[in-house]
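Before I ask anything, let me first share the structure, which is written out below as structure tokens.
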Amino acid sequence: NQQDRVESDYGEAFDLNFVSSGTRAAQLRSTVSSSDKVIILTKFVPHQTQEVVRGHPGLTFCNGGISAVENILEQWK
């Protein structure tokens with residue numbers, strides 16, 4: 001699957017955590033608070049979920065899919 005591909009391609013460079021859009025707000029806040037960078041897939045994540053992480057200093061909104069995420073990760077390498 002796409003998540004496995006991203007893990008395989010970028011897992012050595014980054015400590016990746018994937019969170020589904022159905023993740024509870026408290027768990028999402030906890031995961032995000034220990035992260036330097038956060039990518040939100042705006043096409044797939046509800047606005048309510050986006051609001052939970054909006055103030056994170058390392059937040060990047062991604063309007064595309066996995067290919068766009070890979071482009072962001074490639075820039076961060």
Smallest heavy-atom separation, Tyr10 atom then Glu70 atom, equals OH-O, 3.4 Å
- Evaluate the criterion side-chain contact (heavy atoms from CB on, under 4.5 Å) for residue pair Val52 and Val32; output intermediate values, then yes/no. CA-CA 9 Å; Val52 172; Val32 167; over 6 Å; no
Name the atoms and distances for all side-chain donor-acceptor pairs under 3.5 Å in residues 35-47, with sequence neighbours left out.
| unit_1 | atom_1 | unit_2 | atom_2 | d |
| --- | --- | --- | --- | --- |
| Ser35 | OG | Thr31 | O | 2.8 |
| Thr42 | OG1 | Cys62 | O | 3.2 |
| Thr42 | OG1 | Asn63 | OD1 | 2.7 |

Residues passing the salt bridge (charged side-chain N to carboxylate O under 4.0 Å, His left out) test with Glu7, sequence neighbours excluded, are none
CD (Glu74) and CD1 (Ile72) are apart, to the nearest 0.5 Å, by 12.0 Å
When rounded to the nearest 0.5 Å, the distance separating CG of Leu28 from OG of Ser20 is 9.5 Å
| task | Would you list the pairs meeting side-chain hydrogen bond (donor to acceptor under 3.5 Å, both in side chains) in which at least one residue belongs to residues 51-61, sequence neighbours left out? | result |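 Residue pairs passing side-chain hydrogen bond (donor to acceptor under 3.5 Å, both in side chains), neighbours aside: Glu51-Arg54.
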Practice problem: Using atom types as modelled and distance alone, determine if a side-chain donor or acceptor of Ser8 lies under 3.5 Å from a backbone N or O of Asp4. | Solution: no
| query | What is the distance from atom CZ of Arg5 to atom OG of Ser67, rounded to the nearest 0.5 Å? | reply |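 Going from the CZ atom of Arg5 to the OG atom of Ser67 covers 5.5 Å.
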